[in-house]
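Nothing fancy with the numbering, it's 1 onward along the sequence. Counting convention: from 1, in listed order, for ligands and their atoms alike. All figures in this text were calculated on a predicted structure; none of them were measured in a lab.
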Amino acid sequence: MILIDGKKTADEIKKEIAAEVKLIISSGKRAPHLAAVLVGHDGGSETYVAFKIKDCEEVGFRSTLVRFENDVTEAELLAKVEELNNDKDLDGFIVQLPLPKHISEQKIIEAIDARKDVDGFHPENVGRLVLGMPAFLSATPFGIVELLKRYKIPTSGKNCVIVGRSNIVGRPLSILMSQKSVNATVTVAHSQTKNLDKVCAEADILIAALGSPEFIKANMVKEGAVVIDVGTTRVNAPETKSGFRLKGDVKFDEVAPKCSYITPVPGGVGPMTRVSLLLNTLKAAKKNS
Ligand code: GUN
């Protein structure tokens with residue numbers, strides 16, 4: 001069994017990005033610039049956005065954090081999106097989800113200029129992805145495919161089962177995994193899938209992205225399978241400094257011995273998601289220069 005080290009791979013990619021940033025700056029251009037919009041004080045969102053800002057610093061990007069309180073109106077948020085769309089000193093931005101219930105996430109996503117949508121959530125980018133056209137790819141699917149490539153894990157003709165059909169992970173990942181550069185045969189399983197255990201046990205590559213801690217057990221995994229765990233559920237852990245622990249969707253201890261490759265949580269997919277946002281921002285910056 002080989003443990004896939006997402007942190008190490010992401011660190012390698014960050015070094016590549018930092019080298020490109022140096023070249024951009026030495027050619028007289030400004031550094032790539034990412035903004036993050038954060039509404040409210042959700043613990044998870046605060047942490048994710050703080051990581052995104054820290055990542056920018058590490059590779060030499062400029063970053064801007066835009067904060068709103070929970071009672072911000074949809075109109076105010078839309079006005080900020082419009083301002084960021086028109087900011088010539090900004091290459092890309094994200095609006096951290098989830099948003100408070102009184103704000104339509106879809107409306108906000110659709111208001112973002114697709115050329116600055118480094119999350120890859122805008123319908124134009126999703127449509128371009130489906131058609132195999134150049135697009136900003138949603139960060140987690142992008143990161144997973146890059147991880148498989150960098151570990152030289154064979155995918156062509158392999159049976160790939162994705163558990164979960166979210167707009168952010170499962171669905172775009174199913175499109176990427178079936179594209180000609182990857183060539184997997186893809187099944188998207190979900191809450192209504194019959195005989196889920198059996199479907200999963202047929203997978204050469206099993207990707208768990210349903211957000212249910214330790215859902216995937218050993219009996220659902222074929223001997224020698226590649227298992228990618230996208231889950232990052234916070235569970236209470238009073239013994240830790242933060243008071244919580246991240247749990248994946250895979251029961252790691254019993255599944256790992258059966259795998260040819262497996263990603264841990266934390267340190268697997270998460271760092272690759274973060275670095276994919278940097279790659280998208282670099283791409284946006286290159287287009288703008
Ligand atoms: N919330 C959880 N994941 C993400 C992400 O990748 N981007 C944004 N904007 N919000 C999220």
Would you please name every residue forming a salt bridge (charged side-chain N to carboxylate O under 4.0 Å, His left out) with Arg245, sequence neighbours left out?
Glu239
Please output the residues near ligand 1 using a strict heavy-atom distance under 4.0 Å, listed in chain and residue-number order.
Lys52, Val95, Gln96, Leu97, Asp119, Phe121
With a cutoff of under 4.5 Å between side-chain heavy atoms, which Ile, Leu, Val, Met, Phe, Trp and Tyr residues group with Val49?
Leu38, Ile53, Leu65
Met272 and Glu146, any side-chain heavy atoms less than 4.5 Å apart:
yes
Within the distance-only criterion (no hydrogens, no angle test), does the side chain of Glu76 pair as donor or acceptor with the backbone N or O of Thr73 below 3.5 angstrom?
yes
Path from Leu90 to Ile94 over hydrophobic side-chain contacts below 4.5 Å:
no
Who are the salt bridge (charged side-chain N to carboxylate O under 4.0 Å, His left out) partners of Lys107, not counting sequence neighbours?
Glu74
